[in-house]
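Counting convention: from 1, in listed order, for ligands and their atoms alike. Below, each value reflects all heavy atoms present in this structure, side chains not excepted, and no hydrogens, waters or symmetry copies. This one's a predicted model, so the numbers in the text were calculated from it and none came from an experiment.
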Amino acid sequence: MRIDIVSIFPEYLDALDLSLIGKARQERLLDVRVRDLRDFTTDRHRTVDDTPYGGGAGMVMKAEPWAQALESVLEDGPRRPVLVVPSPAGAVFDQTMAHEFAGLDHLVFACGRYEGIDERVIDWARDSFDVRPVSLGDYVLNGGEVAVLAMVEAVGRLVPGVVGNPASLVEESHADGLLEYPVYTKPSSWRDREVPEVLLSGNHARIAGWRRSEQFRRTAERRPDLLAEVDAGTLGPADLAVLGEAGFDVVDGVLVRSAR
Ligand code: 6GU
């Protein structure tokens, strides 16, 4: 998979040399290329921003350096890439979107800074890219770089071969729309705290049942919003019991918080 990133702080993306993503790049599973937006300016000061029309605080990124940078990306890539524009005004990034992006040949990230990029660039780019404004969540970062680090890691690890043991992708948080169960390792007794007995039992069916219950318990406690997406038709009696304890009932095929 080919990934291009355009930024005025290319050093921010140096973290993509590390760990799993760094190894995947060395192994050519991921072809990540970082470009400096200032290399596409033509003035002596390498200017990338200017004051906003209509007034207001802050600066806006100028259109032409962005057009030049994005044209250079198109020159040597496959056709019609997805252009992700990180922005707190975008659609919220989630595991479903990560899977969608992981299936693409070519992803391009345009890291904005200041108050954003001249909107005409976004419109112009639609001729050659599938443009996707994407947010990490409801808070504000100073620029897209940190968001791109998060997205490249979330997407990159789903590309076949990047994660050594593909089974670890199946049992993680959000894989099945629920949060992950708690995990423990040796020693079984630590500072007077014991590992749950069931995990030492060797009874694989009991362990699987306990883990599933813990997933429901945790999701109900921490992310009750996720339960609305669960297909209640897939729930067994044990699931319904745990969910009932956690304050959820099935009404018309969907999980809702119990009355009272
Ligand atoms: Cl993707 N970009 C910026 N600048 N701020 C954000 C964000 C993205 N997601 C949440 N806050």
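When only interatomic distances are considered, the shortest N/O to N/O separation between Tyr139 and ligand 1 falls below 3.5 Å. Any N or O atom pair closer than 3.5 Å counts here, and Leu141 shares at least one such pair with ligand 1. For the pair Met151 and ligand 1, the shortest N or O to N or O distance does not fall below 3.5 Å.
Looking only at heavy atoms of the protein, atom 3 (C) of ligand 1 is closest to Pro88 CD, 3.4 Å.
A salt bridge links Arg35 to Asp76: one of the charged nitrogens lies within less than 4.0 Å of a carboxylate oxygen. Salt-bridge annotation for Asp118 and Arg120: present, with a side-chain N of the basic residue lying under 4.0 Å from a carboxylate O of the acidic one. Ion pairing of Glu221 with Arg218 is absent here, as no side-chain N (NZ or NE/NH1/NH2) approaches a carboxylate O to less than 4.0 Å. Under the 4.0 Å criterion applied to side-chain N and carboxylate O atoms, Arg46 and Asp39 are assigned as salt-bridge partners.
Heavy atoms from both the backbone and the side chain of Pro86 come within less than 4.0 Å of ligand 1. Residue Phe93 does not touch ligand 1, judged by heavy-atom distances below 4.0 Å. Looking at Val134 against ligand 1, only its backbone comes within 4.0 Å, counting heavy atoms.
Using a distance-only test at 3.5 Å, with no hydrogens or angles considered, a donor-acceptor pair links the side chain of Ser72 to the main chain of Ala69. Not one N or O on the side chain of Ser7 forms a donor-acceptor pair closer than 3.5 Å with the backbone of Cys111.
Atom numbering of ligand 1 starts at 1 in the shown order; those under 4.0 Å from a heavy atom of Ser135 are 1 (Cl), 9 (N), 10 (C). Atoms of ligand 1 found under 4.0 Å from any heavy atom of Leu136, numbered from 1 in the order shown, are 1 (Cl), 7 (C), 9 (N), 10 (C). The atoms of ligand 1 that sit less than 4.0 Å from any heavy atom of Ser87 are 1 (Cl), 2 (N), 8 (C).
At least one side-chain heavy atom of Leu70 sits less than 4.5 Å from a side-chain heavy atom of Trp124.
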